[in-house]
Amino acid sequence: MAIVKPFRGLRPIPKLAHEIASLPYDVVSTKEARYIIEKQPLSFLRVTKAEATLPENTDVHSKSVYERARNNLNQYIADGVLQKEKKDCFYIYAQEMQGRLQIGLVACVSVNEYKNNIIKKHELTRPDKELDRFNHITTTKAQTGFVFLTYKDTNDISAYLQDIMKNKVAEYSFITEDKIKHELYLVDDDAKIKYLQKAFLDVSHLYIADGHHRSAAALRVAEKQAVGRAGNNNYQAECFLAAIFPDSMLKVMDYNRLIKDLNGLTKQEFFLALQDYFILNEVGDELRKPQTVHEFMMYLENKWYSLRAKSSSYNAENIISSLDVEILQNNLLGPILGIENPRTDERIDFVGGIRGLKELMHRVDSGEFKVAFALYPTSIEQLLAVADADLIMPPKSTWFEPKLRDGMVIHMIGDE
């Protein structure tokens, strides 16, 4: 039973929404954020990547960064470019990418449902990243970006949201530099709000697609604010900001790997070791992604190779070990290339499939990396199955596109 709550969103005035909405904080480097803010001074990266508005070499986790984020957010409010809704509302967030449409409900969801596994996870969180989001939320008194949730599609909810869209004009409608269309619709009718709340009660679980650190930090904030409140229930801190999309509309892209070296092996020794686990075929200049599960494309010394995992190299009955990211890790990256912990090893990097195979080639040809591996995408069905089994996906298993924009709607959690 999923509980969704309307809230009084803080959001851009319509004419400036396209200038304010920004890519999520965790897919943009500080250097990239500086460049974007220089071109687009109203970008919400001023809040989510506030270090980009401070002198270079500022510690990104210093108190000054969180205070600057708060001050920048307050300046938006003081300037009137962000305004708070007059009543509790839901919102519909629609995105269109290359003709594919995904439509979700923007709402608040309960930290208790997260704690009690009604909202299911599939990733471990890193303490440093969780603390970063905790400090950002507590200092700004705001949840400035969405936790990206999904659910097993019920046509009733999807059809109802689309019906609302047909009969309303979007509050925002703009196309970003990556050719993705973003639209936001206001749902302020009490009867529609009640219908949607009732409909989600029939949804047994919500699943985190992206935003594990944001949701974990929200729980920590709620628990901290609960201490010493003397029974004064702070409703806003008991929930977190989410954009909730049906699984049928989501697309998971490949999440590819780059490795610095061959772990001391010659090319011939490396190929020999591969053949214990994979069927190796050279494809030369042919530029293609893996065609099926358990096929990998490898780029090494200006040539592409196809690697097909031998059936003996994984347990097809095990939901985790049969994932392609795990097959590659257990049979190649770990035992052959010595990448024992991909979360922390500095010899590995990860590239979302949206950047394409040419990005892998570029980074290998430049000499920055020695070898690249392109993977077949993990499916949304695999992700949900792992979460349903209360298991943890291997790191960097999924890359979702299109990305939700920060700054479309903000959830304030300060006492009123």
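Because the structure is predicted, anything quoted here is derived from the model rather than measured. Residues take their numbers from the sequence shown, with the count starting at 1.
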Looking at side-chain heavy atoms only, is the closest gap between [X] and [Y] below 4.5 Å?
X	Y	answer
Phe240	Val221	no
Ile3	Gln197	no
Leu241	Arg214	no
Met361	Trp304	yes
Leu206	Val203	yes
Lys115	Glu223	yes
Val65	Thr139	no
Val371	Val364	no

With no hydrogens and no angle check, is any side-chain donor or acceptor of [X] less than 3.5 Å from a backbone partner on [Y]?
X	Y	result
Glu269	Thr266	yes
Tyr25	Asp406	no
Ser29	Glu32	yes
Asn331	Ile327	yes
Gln143	Cys239	yes
Ser397	Met393	no
Gln382	Ser379	yes
Asn263	Ile336	yes
Lys310	Gln275	yes
His213	Arg126	yes

Starting at [atom1] of [X], measure out to [atom2] of [Y] and round the result to the nearest 0.5 Å.
X	Y	atom1	atom2	value
Ile157	Ile244	CD1	CD1	8.5 Å
Ile119	Asn112	CD1	CG	9.5 Å
Lys370	Leu265	NZ	CG	11.0 Å
Ile319	Asn315	CD1	CG	11.5 Å
Thr53	Arg68	OG1	CZ	4.5 Å
Ser173	Lys181	OG	NZ	4.5 Å

Can [X] and [Y] be counted as having a side-chain donor-acceptor contact under 3.5 angstrom?
X	Y	value
Tyr277	Asn330	no
Tyr185	Glu183	yes
Gln102	Gln95	yes
Tyr93	His182	yes
Ser158	Asp153	yes
Thr58	Glu51	no

Tell me, please, which residues at least two apart from [X] pass salt bridge (Lys or Arg N to Asp or Glu O under 4.0 Å).
X	answer
Arg288	Glu286, Glu295
Glu368	Arg363
Arg257	none
Lys129	none

All pairs passing ring-ring contact (aromatic ring centres under 6.0 Å, His included) where [range] contributes a residue, at least two apart:
range	answer
residues 378-408	Phe148-Phe400, Tyr255-Trp399
residues 305-339	Phe271-Tyr305, His294-Tyr314
residues 111-131	His122-His212
residues 321-363	none

Over 12 foreign heavy atoms within 6.0 Å of [atom1], [X]:
X	atom1	value
Gln98	CD	no
Asn57	CG	no
Glu56	CD	no
Lys31	NZ	no

Test of understanding: with side-chain hydrogen bond (donor to acceptor under 3.5 Å, both in side chains), list the residues that count as partners of [X], not counting sequence neighbours.
X	value
Glu123	none
Tyr172	Arg11
Gln75	Asp79

Do [Y] and [X] meet the salt-bridge criterion of a basic N to acidic O distance under 4.0 Å?
X	Y	value
Lys121	Asp210	no
Lys87	Asp188	no
Lys267	Glu301	yes
Lys120	Asp390	yes
Lys152	Asp388	yes

- Item | Arg347 charged N/C atom sitting above Phe369 aromatic ring, 6.0 Å / 45° |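 No cation-pi geometry.
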For the residue pair [X] and [Y], what are the closest heavy atoms and their distance?
X	Y	result
Ala237	Val111	O-CG1, 4.3 Å
Pro246	Thr150	C-OG1, 3.5 Å
Glu19	Gln40	O-NE2, 2.6 Å

- Item | Pair listing, salt bridge (Lys or Arg N to Asp or Glu O under 4.0 Å) test, anchored in residues 334-345, at least two apart |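 Checked against salt bridge (Lys or Arg N to Asp or Glu O under 4.0 Å) - neighbours excluded - no pair reaches residues 334-345.
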- Does the gap between the ring centers of Phe7 and Tyr91 come in under 6.0 Å?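 Ring centres of Tyr91 and Phe7 closer than 6.0 Å.
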- Name the one of Phe200, Phe245, Tyr207 that satisfies ring pair (Phe, Tyr, Trp, His ring centres under 6.0 Å) with Tyr151?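 It is Phe200; the other options fail the test.
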